[in-house]
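Read through the structure below, which is laid out as structure tokens, and then see the notes.
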Amino acid sequence: MFNIDLWMQTGWFNKCVALTSISNNEKDMKNKLMDTTTTYGITRRKFLWVTSASTAGFLLGCATNPVTGKSQLMLVSEDQEIEIDRQHSPYQFSTDYGSIQDKSLNNYIDQTGKKISGLTHRPHMPFSFRGVNAAYVNAYAFPGGSIAATRGILVELKNEAELAALLGHEIGHVNARHTAAQMSKSSLTNTLIGGIAAIAGTQSAGLGSLTSQLGMLGAGAFLAHYSRDNERQADALGLEYMVKAGYNPNGFVGLMNMLRSMSKHEPSAIELMFSTHPMSDERYNTAVHTVQTKYRHAQNYPFYRERYMDHTVKLRAMKGVIEDMQKGERVMAQKKYDEAETYYNKALKQAPDDYAGLVMMAKCQIVREKYSEAGWFVEKAKKVYPQEAQAYYLSGFVNMNQKKYDSAHEDFKTYEKILPGNPNITFYQGLSLEKMNRVSESADKYYRYLKVVNQGEKAKYAYQRLVEWGYVKR
Ligand SMILES: [Zn+2]
């Protein structure tokens, strides 16, 4: 029942204009809403598309695909690809517990990626490569060229050629502009065009109660879901690129083989990767065949096994810890919280300062409503990785539940500083201010929240407060 039409009926704008500090974009927003109501029947997808595209300098037309050289209908400009990447990739990295703190490993991954990306179809794109702390097995690319691989997958690779294959495949997705092409399809359009707001308003399914309870952004919420044709093309490009950069193409076969066998032995750890990058025996067989035919000449190229092993010494020492965290996440998803705690305990016993492990344990305690225990883990997480945002979110949530509203407010402010633009944080700032009886500041936050999210429990709550306080006339 809480929808745009309702806003229009309530005289919302008349009252809110009085909040001078927040009236800057009023006209703009009103116009957007008017558009929606006058073109009645427009879908939400289309609405999000039109409104944000117009602000971003929307261009509709044909473009030459940088990979195929063929002309294709392209709704998204290169500048928009870069902008979407800039806005969304930091959230995904934070969901994945931030970049690996091991600087030398991260530099090595970045340099390996850049060695390849410089030789590809779009060398001018602002490519960047990093490892992220998540334990599950995955790698992904944003359309501007921000690429990440999780610890879970890095620990399974056997040499630099396999890393080059992994990064090459992701570069393939960027260069063939798969995300931009997918943007004409509904789910991703909602996510990328609607941005954080679309996700905050409608949680993705299957993320478990905790994620929705906390209003957190789900693990794969920002990732493009590629088609099988996209995968075939990214594989072909990945192979081409890695050979061009001087790597043994059998690294690609090794990567495919590892993913194939993991899908049999650890399917839950690799689930998200396969939901975004469809895997099949066909992909493996094609790789074997292409390496033996098209890239026969490169069979003696190096794998750089030692170089990979040298750079991943510390990471590989964590393999058991990473596996315990994977197991913990699996049973968490099944709501077996006692079992999850056991696995996280085991992981933290071996690696007491591991940020991802601490945050996972904090979530496990929060979901059982053990807030003082959760507080302990989350405080430690903030100390070991103060530049990473997620722990502040959880800390704010824990503090709210312990009625420490002042500390909660500080946590949300810190999160906002590190990772600006998350409307859930705006809502929680409003809530913590409300609890401290700072009504006008709270109203300001609720208003800001409602400007970007207009559905769901939080929106209803914020709206009701504004009505109650007389900022909105019924
Ligand atoms: Zn892929």
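Values below: all heavy atoms of this structure, side chains included; hydrogens, waters and symmetry mates excluded. Whatever order the structure lists them in is the order used to number ligands and atoms, beginning at 1. The structure displayed is predicted, hence computed values, not measured ones.
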| Hey, does the Lys NZ or Arg CZ of R368 hover above the aromatic six-ring of Y337, less than 6.0 Å from the centre and inside 45° of the axis? | no

- Query: Any Lys/Arg nitrogen of D229 or R232 sitting under 4.0 Å from an Asp/Glu carboxylate oxygen of the other?
  - Reply: yes

Sorted by chain and number, sequence neighbours left out, salt bridge (Lys or Arg N to Asp or Glu O under 4.0 Å) with E416 holds for none

Of Y449, Y415, F412, the one forming a side-chain contact (heavy atoms from CB on, under 4.5 Å) with Y428 is F412

Notebook entry, point to check: So, H173 versus Y226, ring centres under 6.0 angstrom or not?
Noted result: yes

### Within 45° cone of F303 ring axis and under 6.0 Å: R305 NZ or CZ
no

Counting only protein N, O or S atoms (no waters) closer than 2.8 Å to the Zn ion (ligand 1) gives 5

